[in-house]
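Reading through the structure tokens given below for one structure.
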Amino acid sequence: MQPKSNIVHLPVYQPGKPVEDVKRELGLEEVIKLASNENPFGYSEQAKAAIINELGQISTYPDGASFELTAAVAQKFGVETNQIIFGTGSSDIILMLARTYLAPGDETIMADETFSQYKHNCEIENARIIEVPLKDGKHDLPAMLARITDRTKLVWVCNPNNPTGTIVNEEELTAFLDQVPKDVLVVLDEAYCEFVKEPGFPDGIQLLKKYRNLIVLRTFSKIYGLASVRIGYGIGHADVIQYMNQIREPFNTTRLGQVAAKASLSDEDFVAFCREQNRAGIEYFYSQFDRLGLNYFPAHGNFVMVDAKIPSGDVFQALLRKGVIVRPRWTYYPTHIRVSVGTPDQNEKFIAAFEQVLQEAAVRG
Ligand SMILES: Cc1ncc(COP(=O)(O)O)c(C=O)c1O
């Protein structure tokens, strides 16, 4: 039996290493995971109450159309309910976009170092992938625009970008969107937008009024801290959402995800708290990296990409032995690691371990 030839070479997704694995493999009691951009402050108490309240219902299928959650999102963002689609995390929205729009040989454009699931899902559809180098860790929108042809179907813009954490501003984004042909769909992945404090950061949902060929992706996995209940969403033009609904798995979200997401949306205090804590964590990392003489990209999400100046796989292994998990091995940044912001205590432990690792490497020469 042979699978489709275009999937034979695909790697299985490598998530951040689980804490339990590291404890078991290395016999460590305390392990800190700063590898998957999760929320170290947990999730909203209101979401917890909603989950507990729903537990009696989990033997019956969820509402496939997420009626109540859709209404809550529509109200919060001032969009129509037929502009919204939910998925098993926004990863599922990415999959549905590739599945809906890409036929073999169609072209799709993305940055060369960005969220890996864009490329992965486009490869499954046998599309031709055009990767455009980041410029100083940032999306090079004019270069991406220049690569659009009459075969281009989807263009992916991750803002803030994972893994570099950089952003494109509203002026840059609208200048780009003004020139993208109307039959090319731009996917604006805003998984980390709620963390951004920078003035001039675009709100993709506001741009939907002007650009019909735009879809904005968001998730409850990051600032809302609901990564394990798997719920994310896309907001776009009703026609785009309709086609995606036609290929959506019938029950691609769960009861627990739906109620937790709805409750989380109204807990603005929790979101504000996480945003402030995250910013303080980033500022702390900046100050420590400056002290250590290390370069890093401007970080707008809940993670920082820092240049350790030695191979990142070695840094990863050495940090692991000290009980800290980070994300190494970036194709175009071989000496950078990506570290998620943790609690103040976790951040300090990471810095202490990282400094030791760098010192040990310097001694070995
Ligand atoms: C940029 C970006 N988009 C989407 C996702 C998918 O998140 P989820 O499927 O948990 O919503 C992630 C997860 O790390 C991400 O970094």
Side-chain angles (χ1 to χ4, degrees), residues 13-18 33-40 42-43 47 66 69 73 84-99 108 110-122 131 134 137-139 154-168 173 186-196 201-202 204 215-236 244 248-249 252-254 256-258 260-261 264-265 274 278 297 299-305 325-327 330 337-342:
Y13 183 75
Q14 293 297 321
K17 213 169 160 52
K33 183 180 172 209
L34 300 175
S36 299
N37 303 340
E38 291 151 333
N39 190 335
Y43 62 105
S66 307
L69 179 59
V73 169
I84 306 167
I85 186 165
F86 288 92
T88 319
S90 52
S91 308
D92 190 30
I93 312 288
I94 295 168
L95 178 151
M96 287 192 266
L97 279 163
R99 205 164 177 190
T108 180
M110 60 194 70
D112 63 352
E113 194 82 80
T114 189
F115 186 48
S116 60
Q117 291 306 289
Y118 313 146
K119 184 174 179 181
H120 182 82
N121 282 290
C122 297
E131 291 177 279
L134 294 174
K138 218 177 117 171
H139 278 73
L154 294 176
V155 182
W156 305 82
V157 178
C158 188
N159 203 34
N161 187 41
N162 178 7
T164 52
T166 55
I167 53 172
V168 292
L173 185 63
V186 177
V187 185
L188 183 64
D189 185 345
E190 296 188 333
Y192 301 97
C193 67
E194 298 91 352
F195 292 105
V196 180
F201 178 71
I215 180 165
V216 175
L217 311 193
R218 296 203 176 172
T219 180
F220 287 94
S221 299
K222 303 301 175 182
I223 209 160
Y224 293 102
L226 295 174
S228 73
V229 290
R230 311 299 303 124
I231 189 148
Y233 57 107
I235 307 186
M244 291 170 72
R248 180 175 60 75
E249 290 291 324
N252 65 331
T253 58
T254 64
L256 301 186
Q258 289 180 24
S264 297
L265 269 184
C274 294
N278 181 68
F297 290 113
H300 295 280
N302 63 343
F303 52 91
V304 187
M305 181 106 150
I325 317 172
V326 296
R327 206 63 184 261
W330 302 99
I337 57 165
R338 190 196 69 193
V339 56
S340 310
V341 176

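Just so you know, residue 1 is the first one in the sequence shown, and it goes up from there. First listed ligand is number 1; within each ligand, the first listed atom is number 1. Nothing here was measured: the structure is a model prediction, and the numbers come from that model.
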How long is the gap from OG on Ser264 to OH on Tyr43, to the nearest 0.5 Å? 9.0 Å
Proximal atoms of ligand 1 relative to [X] (non-hydrogen, under 4.0 Å):
X	result
Thr219	8 (P), 11 (O)
Arg230	8 (P), 9 (O), 10 (O)
Tyr192	1 (C), 14 (O), 15 (C), 16 (O)
Asn162	1 (C), 15 (C), 16 (O)
Ser221	8 (P), 10 (O), 11 (O)

Purely on distance, is any nitrogen or oxygen of [X] under 3.5 Å from one on ligand 1?
X	answer
Thr88	no
Ser90	yes
Tyr118	no

Starting from [atom], what is the nearest protein heavy atom, named by residue and atom, and what distance separates them?
atom	value
atom 3 (N) of ligand 1	Asp189 OD2, 2.6 Å
atom 12 (C) of ligand 1	Phe115 CZ, 3.4 Å
atom 9 (O) of ligand 1	Ser91 OG, 2.5 Å
atom 14 (O) of ligand 1	Lys222 NZ, 2.9 Å

Side chain, backbone, both or neither: which part of [X] comes within less than 4.0 Å of ligand 1 when only heavy atoms are counted?
X	answer
Ala191	side chain
Gln117	neither
Phe220	neither

Between Lys222 and Glu194, is a side-chain contact (heavy atoms from CB on, under 4.5 Å) present by the stated rule, with each step listed? CA-CA 9 Å; Lys222 303 301 175 182; Glu194 298 91 352; 5.6 Å; no
With sequence neighbours excluded, residues passing ring-ring contact (aromatic ring centres under 6.0 Å, His included) with Tyr192: Phe303
For the pair Tyr224 and Phe220, name the ring-plane relationship: parallel under 30°, tilted 30 to 60°, perpendicular over 60°. tilted
Give a yes-or-no answer on whether the side chains of Thr114 and Asn161 include a donor-acceptor pair shorter than 3.5 Å. yes
In this structure, does ligand 1 have an atom that sits under 4.0 Å from one of the heavy atoms of Cys158? yes
Hey, does Asn252 have a side-chain heavy atom less than 4.5 Å from the side chain of Met96? yes
